Amino acid sequence: MLYKGKPVDLTPEQEEVATMFAVMLDTDYMTKPKFKENFWGDWRKILGRNHTIQNLDNCDFKPIYEWHQMEKEKKKQMSTEEKKALKEEKMKLEKYMWAIVDGVKEKVGNFRVEPPGLFRGRGEHPKMGKLKKRIHPSDITINIGKDAPIPECPIPGESWKEIRHDNTVTWLAYWNDPINSKEFKYVFLAASSSLKGQSDKEKYEKARMLKGYIQGIRNAYTRDFGNKDLTKRQVAVATYLIDKLALRAGNEKDDDEADTVGCCTLKVENVEPKPPNILKFDFLGKDSIRYQNEVEVELPVFKAIQQFRTGKQGGDDLFDKLDTSKLNTHLKELMPGLTAKVFRTYNASITLDDMLSRETKGGDVAENLVVYQHANKEVAIICNHQRTVSKSHSAQMTRLNEKIDELKGVIKELETDLARAKKGKPPLKNSDGKPKRNLNPEALAKKIAQTNAKIEKMERDKETKEDLKTVALGTSKINYLDPRITVAWCKRHEVPIEKVFNKSLLAKFAWSMDVDPSFRF
DNA sequence: CTAGGAACTTAGTAACGCAGTC
DNA sequence: GACTGCGTTACTAAGTTCCTAG
């Protein structure tokens, strides 16, 4: 290991860092090259938060950096045989990839335990930088059928914590999260399994059921905007926000978690009323993703929000009479099984269905796919599904622009040639002096048209690229859009389903493939 | 009711891998 | 054959919901 012998004389502070790194380097996680690159910038923050070191400026990171370079190089120079061996080693684990459930072979989702490493967390996480310890067999509880053979423990001399036979749950194994020992990590079946497929279908069926109730629910909460009972008024406004803005429920959070909010936990400072009836939202939601939105609301809602805010500090709860449990209890009175998250599914799916039916004009496959992507984007924006702009985005845009300029140059040249050809003159010589083929005006005009079409396509591509640089389309596709909407639409408009769903989505949504073409959400 | 345990879905991103390019 | 651009997959964090004991 790198720091077995001290490479240089270190100050006590440097020594502490070095020791820490030595521990880190002894973990699986650190052997991944990207780990260094992506977390390097955070080391200072991480160590600063969890250690008493004040000044890290003079710490010697160089040996660690060099160690990583060496590892990288080693991997690069690995012979094909060694690489093959590495792959085979991984394939050995394949037997852990499957489970027999009621006699059917099903794929297991996450069958490897999480390797040790540094916990980063998302956003300003209080536990950032904690060492995530290795999980041993003695930490793991296994859930299998009564007569099923107990999986062999892969570590010689060690054994599982416990073997259970609980057929009322779907997990295959669990262990306590080393970062927060009160929480659990589970091994579940993969998304493509019939168990998951079934519950997925039930989720969408529930959301479809909401369709039949939604008008009544909206009427009810609109009536209650002015209810004399403060709790009822808050329930009404919260339900309105969840319905209109697709906000999450918003459970209470502990002090040792990142400070984020959902609907029920919104703070006074998160919602600014701007007369006459605009609400300005600004808060950190799940994964510390910022939600910023200015929306026009009905006047009674605006008034109610103003009143909920009066006499409170910025950090106080906006809905002080409310929590997710009370809200969901109320929702259940309106429709069996209704909870806050159903609104997100409902609004996402209904929006897709609606936009597809309104905007599909019966064009070709490419045009239909543009319609689909547009609808998908609308949903992603409603649900606030964001992604960080890729590092190479601006470079990619520049390259696209260059290519377009290049083509524009080609057009100019072709136009000159066309003018000359019309007069019966031969085309000008190439920039490198070579003569060009003498084309007739018709051929040149055709070429110009072709090139123009190419430019137009590139301009469109450029626009969508820029448009989608911060929008994540995948999340809604995987979790919120009833696949039957997509499948039926594809059938109606002769779009191959493979153009919309990749391999894993096709597997996940296998249950939806035989839907009738007339299916509407 | 409330707190906390348990089980499940939803989420963004690092890493991988493949096709096209030079 | 290395490089690069880009979609896919793996990973695991961060939510929601349900349930039960006190």
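All chains are named by letter (A, B, ...) in the order of the sequence lines, taking the proteins before the strands, and each is independently numbered beginning at 1. All figures in this text were calculated on a predicted structure; none of them were measured in a lab.
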Could you check how far CD of Glu257(A) sits from C1' of dT16(C), rounded to whole Å? 13 Å

Rounded distance in Å - CG (Asn180(A)) to C1' (dG5(B)): 12 Å

Starting at the 5' end of DNA chain C and moving along, which residue's nearest nucleotide shows up first, Gly109(A) or Asn502(A)? Asn502(A)

Minimum heavy-atom separation for Gly337(A) and Val342(A), please, with both atom names. O-CG2, 4.4 Å

Distance below 4.0 Å between Lys503(A) side-chain N/O and dG7(C) OP1 or OP2: no

Whole Å only: how far is the OH atom of Tyr96(A) from the P atom of dA10(C)? 18 Å

Phosphate-side-chain proximity, Thr339(A) and dT16(C), N/O vs OP1/OP2 below 4.0 Å: no

Please list, for nucleotides 10-12 of chain B, all pairs of protein and nucleotide N/O atoms separated by less than 3.5 Å.
from    : atom 1 : to        : atom 2 : distance (Å)
dT10(B) : OP1    : Lys341(A) : NZ     : 3.4
dT10(B) : OP2    : Lys203(A) : NZ     : 2.6
dT10(B) : O3'    : Tyr480(A) : OH     : 2.9
dT10(B) : O2     : Lys286(A) : NZ     : 2.6
dA11(B) : OP1    : Arg248(A) : NH2    : 2.8
dA11(B) : OP1    : Arg344(A) : NH2    : 2.6
dA11(B) : OP1    : His385(A) : NE2    : 3.4
dA11(B) : OP1    : Tyr480(A) : OH     : 2.9
dA11(B) : OP2    : His385(A) : NE2    : 3.1
dA11(B) : OP2    : Tyr480(A) : OH     : 3.2
dA11(B) : O4'    : Lys286(A) : NZ     : 3.4
dG12(B) : OP1    : Gln386(A) : N      : 3.2
dG12(B) : OP2    : Thr475(A) : OG1    : 2.9

Closest-nucleotide 5' rank along DNA chain B - winner of Arg164(A) and Asp323(A): Asp323(A)

In whole angstroms, the gap separating P of dA14(C) from CG of Asp177(A) amounts to 10 Å

For Leu505(A) and Lys332(A), take the nucleotide of DNA chain C holding the closest heavy atom to each; which residue's nucleotide lies nearer the 5' end? Leu505(A)

Please determine if Asp259(A) and Lys253(A) form a salt bridge, counting it only when a charged side-chain N lies under 4.0 Å from a carboxylate O. no

Go through dA7(B), dA13(C), dC18(C) for me and flag the one nearest to the Trp171(A) side chain. dA7(B)

Rounding to a whole Å, what distance do you find between Asp256(A):CG and dA13(C):C1'? 14 Å

Thr486(A)/Tyr372(A) under side-chain hydrogen bond (donor to acceptor under 3.5 Å, both in side chains): CA gap, chis, key distance, verdict: CA-CA 9 Å; Thr486(A) 304; Tyr372(A) 189 91; 2.8 Å; yes

Please determine whether a side-chain nitrogen or oxygen atom of Lys127(A) lies at a distance below 4.0 Å from atom OP1 or OP2 of dA13(C). no

Within this structure, what is the NZ-to-P distance between Lys206(A) and dT9(B), rounded to whole angstrom? 11 Å

Using a cut-off of less than 4.0 Å, is there contact between a side-chain N or O of Asn251(A) and OP1 or OP2 of dG15(C)? no

Spacing between Lys196(A) atom NZ and dC8(B) atom C1', to the nearest angstrom: 6 Å

Salt-bridged, Asp287(A) to Arg122(A), with N to O below 4.0 Å? yes

Are any of the side-chain heavy atoms of Ile142(A) and Arg164(A) separated by less than 4.5 Å? no

Short N-O contact, Asp139(A) and Lys161(A), less than 4.0 angstrom: no

Closest-nucleotide ordering on DNA chain B, the 5'-leading residue of Lys326(A) and Leu195(A): Lys326(A)

Choosing from dT8(C), dA6(B), dT17(C), which nucleotide comes nearest the side chain of Asn328(A)? dT17(C)

Salt-bridged, Arg218(A) to Asp243(A), with N to O below 4.0 Å? yes

Kindly point out which of dT9(C), dA6(B), dA13(C) is positioned nearest to the side chain of Lys185(A)? dA13(C)

Any base atoms under 4.0 Å from Ala340(A), or only sugar-phosphate, or nothing? Heavy atoms, all strands. sugar-phosphate

Decide if the gap between the ring center of Tyr96(A) and the ring center of Phe111(A) is smaller than 6.0 angstrom. no

Can a side chain N or O of Thr260(A) be found less than 4.0 Å away from OP1 or OP2 on dG15(C)? yes

Grab the CG-P distance between Leu468(A) and dC6(C) for me, whole Å please. 13 Å

Phosphate contact (dT17(C) OP1 or OP2) by Ser325(A) side-chain N/O below 4.0 Å: no

Determine the contact category for Gly262(A): base if any of its heavy atoms lies under 4.0 Å from a base atom, sugar-phosphate if only primed atoms, P, OP1 or OP2 are that close, otherwise nothing. nothing

